[in-house]
Amino acid sequence: MVSKDLGFILKRFNFRETSVITTLYLHNYGKIRGILKGFYTPKKEFSSSLNVFSLNEFIFYPKHSEIWLVSGVDSIREYPALRSNIAKARVAGLFANIVDKVMQLQDPNKQVFALIQRCFDLIDINNESTILYIFLIKFLTFSGFKPEFGNCLNCKATLRYERLFSVARGGFICKSCSGADKDLLLISKQAWRSLTYIQDTDFPLVQRLNISPKCQDEIFYILKEFIAYHFEFDLASYIKNRNLSLTASKVRV
Ligand SMILES: [Zn+2]
């Protein structure tokens with residue numbers, strides 16, 4: 001039966017002469033792959049230009065197979081800065097690709113949909129750097145891979161400015177338990193405070209957070225290592241300007 005839903009275009013490529021294959025993140029259906037047959041013919045059902053990252057309303061036929069037939073699309077919202085500004089385009093590309101990598105097909109998650117929408121809105125008009133960390137920490141939490149910033153992974157004690165992060169186990173270890181774990185990353189109290197603040201604070205309050213460049217380097221390094229270990233996804237290939245030499249030599253203990 002035909003269905004209708006809002007969705008973001010995560011990826012798209014041309015297929016044969018006139019068709020397009022896309023990866024979409026839909027509000028009610030989650031991630032799907034769709035084919036728009038005859039997109040490059042003058043069909044009135046395809047009124048959107050199908051720009052990557054844009055929000056559209058799709059008409060489609062849900063199926064059990066991997067690629068769904070999309071028979072109509074209307075543009076709802078474009079994010080021009082996400083395509084014209086290179087730094088913003090990289091961050092938006094990172095969001096789209098990590099959602100594609102981590103989320104399973106046809107596994108709806110309305111928190112993830114709302115997060116994509118909120119963060120695309122924000123980076124379209126604001127500086128993208130703090131939004132990057134907010135997106136990543138909240139995305140990991142909403143998608144079921146929440147790193148533990150608040151309690152010790154070993155003894156469950158409430159942490160206060162703890163600084164030793166276990167990449168493999170995905171969280172912080174308190175001082176008295178730290179002897180058991182090798183290969184921990186050390187971060188500053190300020191960076192730890194920013195991580196917990198982002199995880200515990202909702203929009204719109206969280207988006208007012210300012211993070212110093214040094215803390216951004218530390219947070220980036222922790223997230224980069226965690227995401228590479230658990231998802232084989234390389235954040236550094238999207239974000240070129242982070243000072244990775246600082247953290248690479250300093251934080252491993
Ligand atoms: Zn402990």
Side-chain angles (χ1 to χ4, degrees), residues 1-80 82-83 88-121 123-124 132 135-136 138-145 227-228 230-235 237-239:
M1 207 171 73
V2 69
S3 193
K4 197 189 261 192
D5 201 0
L6 290 176
F8 288 98
I9 298 171
L10 303 181
K11 284 182 181 170
R12 53 156 290 170
F13 61 90
N14 294 340
F15 179 68
R16 294 194 176 142
E17 293 286 290
T18 59
S19 299
V20 173
I21 289 181
T22 60
T23 303
L24 309 175
Y25 200 82
L26 299 176
H27 184 252
N28 296 316
Y29 292 85
K31 182 179 85 174
I32 70 134
R33 298 198 205 289
I35 181 163
L36 290 86
K37 288 185 178 166
F39 179 75
Y40 290 113
T41 58
K43 269 191 174 180
K44 65 177 186 340
E45 292 83 358
F46 297 140
S47 68
S48 164
S49 35
L50 218 59
N51 288 319
V52 72
F53 313 136
S54 64
L55 178 65
N56 298 268
E57 185 175 68
F58 296 93
I59 296 169
F60 51 88
Y61 294 86
K63 292 193 293 188
H64 292 298
S65 60
E66 189 167 320
I67 297 192
W68 293 6
L69 179 66
V70 178
S71 62
V73 56
D74 274 325
S75 174
I76 301 290
R77 164 122 202 227
E78 292 286 333
Y79 295 93
L82 302 194
R83 288 182 291 112
K88 289 178 195 284
R90 281 206 185 114
V91 171
L94 190 167
F95 292 177
N97 283 301
I98 199 167
V99 168
D100 187 23
K101 176 89 182 178
V102 172
M103 301 308 287
Q104 300 295 310
L105 281 171
Q106 297 164 43
D107 181 19
N109 185 323
K110 289 181 183 174
Q111 284 182 303
V112 168
F113 183 91
L115 181 69
I116 297 169
Q117 185 163 23
R118 173 83 75 162
C119 290
F120 277 179
D121 284 350
I123 59 172
D124 198 41
L132 167 68
F135 177 88
L136 289 172
K138 295 211 174 283
F139 174 66
L140 291 168
T141 301
F142 296 156
S143 60
F145 302 97
I227 287 168
H230 294 280
F231 304 109
E232 294 177 353
F233 185 94
D234 181 17
L235 291 187
S237 65
Y238 295 86
I239 310 300

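Values in this document were obtained by computation on a predicted structure and should not be read as measured data.
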Margin query: Does the plane of the ring in Phe231 sit parallel, tilted or perpendicular to the ring in Phe145? Use 30° and 60° as the thresholds.
Written below: perpendicular

Notebook entry, point to check: Which atoms form the tightest heavy-atom contact between Lys31 and Met103, and what is the distance?
Noted result: NZ-O, 2.9 Å

Item checked: Asn109 to Phe142 - nearest heavy-atom pair and separation -> ND2-O, 3.1 Å

Next item on the list: Give a yes or no on whether Lys43 atom NZ has more than 12 heavy-atom contacts from other residues, nucleotides or ligands under 6.0 Å away.
Entry: yes

Notebook entry, point to check: Hey, does Lys138 have a side-chain heavy atom less than 4.5 Å from the side chain of Cys119?
Noted result: no

Check: How about Leu140 and Val102: do any of their side-chain heavy atoms sit closer than 4.5 Å?
Finding: no

Margin query: Check Asp100 with Arg33, please: is the shortest side-chain N to carboxylate O separation under 4.0 Å?
Written below: yes

Check: Do the side chains of Phe39 and Val70 get nearer than 4.5 Å, heavy atoms only?
Finding: no

Next item on the list: Using a 4.5 Å cut-off on heavy atoms from C-beta on, say whether the side chain of Phe95 contacts that of Ile116.
Entry: no

Note to self: I need the minimum non-hydrogen distance between Phe135 and Val99, along with the two atoms involved.
What the structure shows: CZ-CG2, 4.0 Å

Checklist line | Leu26 versus Phe113, closest heavy-atom pair with distance | finding: C-CD1, 3.8 Å

Notebook entry, point to check: Does the side chain of Ser54 reach to within under 4.5 Å of the side chain of Ile9, using non-hydrogen atoms?
Noted result: yes

Margin query: Quick check: closest heavy atoms across Asp5 and Asn28, and the distance to 0.1 Å?
Written below: OD2-N, 2.7 Å

Check: Within a strict 4.5 Å, meaning less than it, do heavy atoms of the His27 and Lys110 side chains meet?
Finding: yes

Next item on the list: Report the residue from Tyr29, Phe58, Tyr61 that forms a side chain to side chain contact (heavy atoms under 4.5 Å, CB included) with Ser3.
Entry: Tyr29

Next item on the list: Kindly give the heavy-atom pair with the smallest separation between Arg83 and Asn51, and that separation in Å.
Entry: NH2-ND2, 3.2 Å

Check: Going through the distances and angles, do Gln106 and Ile32 end up as a side chain to side chain contact (heavy atoms under 4.5 Å, CB included)?
Finding: CA-CA 6 Å; Gln106 297 164 43; Ile32 70 134; 4.1 Å; yes

Check: Just wondering, do Leu235 and Leu136 contact through their side chains at under 4.5 Å, heavy atoms?
Finding: yes

Notebook entry, point to check: How are the rings of Tyr79 and Phe8 set to each other: parallel, tilted or perpendicular (split at 30° and 60°)?
Noted result: tilted

Next item on the list: Could you tell me whether the side chain of Lys88 reaches within less than 4.5 Å of the side chain of Asp124, counting heavy atoms only?
Entry: no

Check: Do Tyr40 and Phe46 have ring centres separated by under 6.0 Å?
Finding: no

Margin query: Under a plain distance cut-off of 3.5 Å, with no hydrogens placed, do Asn14 and Arg12 share a side-chain donor-acceptor pair?
Written below: yes

